[in-house]
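Below is one structure, written out as structure tokens; comments come after it.
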Amino acid sequence: MDFKLKIWKQKNAGSKGKFVNYEVKGISSDTSFLEMLDILNEDLIYKGEEPVVFDHDCREGICGMCSLYINGYAHGPDAAITTCQLHMRKFKDGATITIEPFRARPFPVIKDLMIDRTALDTMIQAGGYTSAKTGGVPDANAILISKENSDLAMDAASCIGCGACVASCKNASAMLFVSAKVSQLALLPQGKPEAAERVLNMVAAMDEAGFGNCTNTGACEAECPKEIKITNIARLNREYFSASFASEL
Amino acid sequence: MSWFTSTFTSSIGKKLVMSLAGLFLIIFLLVHLGINLMVLLENNMYFNKTAHFMGTNILIKIFEIVLFGGFIIHMIYALFLQIQNWLARPVRYKIENLTNQTSFFSKYMIHTSVVILVFLVIHLVDFYIKAKFIGDVSDVVYNGKEYHDLAALVEAKFLLGGAVIFYLIALLFLGFHLNHGFQSAFQTLGIDHKKYTPVIKFLGVIYSILVPLGYACIPLIIYFAK
Ligand code: HEM
Ligand code: SF4
Ligand code: FES
């Protein structure tokens with residue numbers, strides 16, 4: 001398969017970027033999207049040109065590093081996958097593919113398609129954890145958790161912190177990400193003691209970082225590779241109201 | 001910062017205020033529609049007497065201030081949040097496919113709201129300002145008491161084709177705004193559950209169709225039937 005690529009090139013956060021056109025030829029339909037970029041880069045290095053910088057790590061959909069906004073979709077035109085799980089057979093032979101970095105003020109471009117997602121870590125550091133010493137391994141069933149809550153918490157915990165929710169939200173809001181962590185911990189007894197403090201601190205860190213405000217469009221849940229649902233955002237709001245209006249904080 | 005300031009300057013706190021104001025406006029629209037529909041009755045007395053009551057009763061007058069407050073708070077918060085949202089993405093995407101959003105009209109809330117705002121100003125000038133401050137309204141007498149003939153004012157207005165079309169367009173956009181707004185307000189309040197969210201969404205769709213349609217009846221019936 002042959003493709004025309006329109007790729008965003010940008011030297012660093014301070015500089016103005018622009019699109020550069022490339023072509024790749026003879027790509028197998030089983031090539032993954034990132035492998036296709038590898039092939040392009042090998043070609044560029046061979047020709048003595050500068051390769052395209054992009055983020056990746058596990059290449060199996062668990063680390064969340066691969067970003068890329070492909071033809072108008074975070075992680076490309078397929079639901080519930082990361083970019084590393086996208087294959088070239090999803091595209092038509094000869095197609096033009098536009099590749100942009102995830103764009104949001106809190107995600108400055110490091111170079112080309114690589115962005116700095118430290119803002120997500122900053123929000124986790126603000127409260128996305130429990131601070132109790134856990135001690136040794138507890139007896140099974142020492143802490144009882146209902147099946148429903150354990151399932152909901154597990155679903156929320158599957159967030160890999162990729163930032164696709166921010167990238168695909170028209171407001172660049174990080175509510176889905178924050179709601180996943182707040183929900184995961186608020187649903188479990190171990191997370192309850194610090195629930196109020198956590199939600200207040202994480203929301204403050206989110207606002208501080210300059211993310212936009214949620215307008216309940218649902219774009220985030222449509223693009224989330226782990227299919228985190230916006231019911232978590234409603235739970236985040238409830239947690240926030242109860243922490244603000246009912247807690248001692 | 002006090003808990004109060006930090007709550008109401010936070011993103012979620014601001015959304016809370018605007019969703020409550022929005023829900024308040026949703027209730028207001030129902031009451032307003034109920035009264036407006038009286039103008040279609042054969043006898044204009046009912047409408048004129050109700051309008052007189054709404055214009056003079058002290059409780060209603062206090063409520064009128066609350067209503068203006070609701071509009072202003074909703075608009076100021078909406079604008080403020082929207083500006084922050086634009087600033088959160090200084091470099092826009094070249095290609096943006098927002099097709100798989102769950103709510104289509106959610107993309108255009110600020111655009112539909114501009115149409116509603118323009119309509120609101122013209123609507124207030126058309127009826128409210130005329131009746132209240134300019135006073136170029138003829139009077140009618142029921143049981144020896146004088147009332148403004150506001151029904152005649154409405155009827156005169158909607159004999160003009162241009163006014164009818166303008167009102168219909170504005171109502172269409174109001175429907176678009178409420179199609180997302182109704183259910184969005186509940187989500188903002190944290191009310192989201194598989195047991196009742198489908199009901200809320202259904203009611204929202206019904207509301208956003210029936211209420212604008214109800215309002216639209218008035219200019220249409222007056223224009224074509226009277
Ligand atoms: C009778 C008139 C109106 C009603 C009943 C109404 C109702 C609503 C409701 C219920 C929401 C959803 C709130 C939320 O999600 O938390 C909303 C959102 C919004 N409203 Fe209104 N509104 C009205 C007029 C206006 C006007 C005049 C403006 C601006 C000038 C405006 C601007 C907005 C904006 C920008 C949003 C989007 C926020 C979002 O997407 O969540 N609205 N409206
Ligand atoms: S909520 Fe989904 S889209 Fe957002 S960071 Fe987590 S996994 Fe990525
Ligand atoms: S590279 Fe790890 S999720 Fe894609």
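Nothing here was measured: the structure is a model prediction, and the numbers come from that model. Order of the sequence lines fixes the chain letters, A, B, ..., with proteins taken first and strands second; residue numbering starts at 1 for each chain.
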Tell me, side chain or backbone of [X] under 4.5 Å from chain B's heavy atoms, or both, or neither?
{"X": "A:P77", "result": "neither"}
{"X": "A:Y240", "result": "side chain"}
{"X": "A:F107", "result": "neither"}
{"X": "A:C214", "result": "backbone"}
{"X": "A:A167", "result": "both"}
{"X": "A:I233", "result": "both"}

Q.
With a 4.5 Å cut-off on side-chain heavy atoms, are B:Q187 and A:I230 touching?
A.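 Contact flag for A:I230/B:Q187 side chains = yes.
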Which heavy atom of [X] sits nearest a heavy atom of [Y], and at what distance?
{"X": "B:R92", "Y": "A:E100", "value": "O-OE1, 4.2 Å"}
{"X": "A:G212", "Y": "B:A88", "value": "N-CB, 3.5 Å"}
{"X": "A:K6", "Y": "B:K94", "value": "CE-CE, 3.7 Å"}
{"X": "A:R238", "Y": "B:G190", "value": "NH1-O, 2.7 Å"}
{"X": "B:N97", "Y": "A:Y69", "value": "N-OH, 4.5 Å"}
{"X": "A:C169", "Y": "B:R89", "value": "O-NH1, 2.7 Å"}

Q | Side-chain H-bond candidate by donor/acceptor type, B:S11 with A:D207, under 3.5 Å | A | yes
Is it true that, when you exclude [X] itself, more than 12 heavy atoms of the residues, nucleotides or ligands shown sit nearer than 6.0 Å to its [atom1]?
{"X": "A:K9", "atom1": "NZ", "result": "yes"}
{"X": "A:F245", "atom1": "CZ", "result": "yes"}
{"X": "B:F63", "atom1": "CZ", "result": "no"}
{"X": "A:K4", "atom1": "NZ", "result": "no"}
{"X": "A:F19", "atom1": "CZ", "result": "yes"}
{"X": "B:Y196", "atom1": "OH", "result": "yes"}
{"X": "A:E208", "atom1": "CD", "result": "no"}

(Q) With a 4.5 angstrom heavy-atom cut-off, is it the side chain or the backbone of B:F8 that approaches chain A, or both, or neither? (A)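 For B:F8, the contact with chain A is made by the side chain alone.
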Q. Side chain to side chain donor-acceptor pair (under 3.5 Å) with B:T188: which of A:N237, A:N213, A:N216?
A.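 For B:T188, the side chain to side chain donor-acceptor pair (under 3.5 Å) test succeeds with only one of A:N237, A:N213, A:N216, which is A:N216.
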Q.
Shorter than 4.5 Å, heavy atoms on both sides: which option in B:I95, B:T7, B:V91 has the most such pairs with chain A?
A.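 Ranked by contacts with chain A, first place is B:I95.
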(Q) With a 3.5 Å distance limit and no angle check, can you tell me whether B:Y93 reaches the backbone of A:R103 through a side-chain donor-acceptor pair? (A)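 Yes, the answer is positive, given that a donor and an acceptor are paired below the 3.5 Å cut-off.
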Q: Look at A:T215, A:N171, A:V203 and state which one has the largest set of heavy-atom pairs under 4.5 Å with chain B.
A: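 Most pairs with chain B among the choices: A:N171.
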Q) When rounded to the nearest 0.5 angstrom, what is the spacing between CD1 in B:I110 and NZ in A:K170? A) 8.5 Å
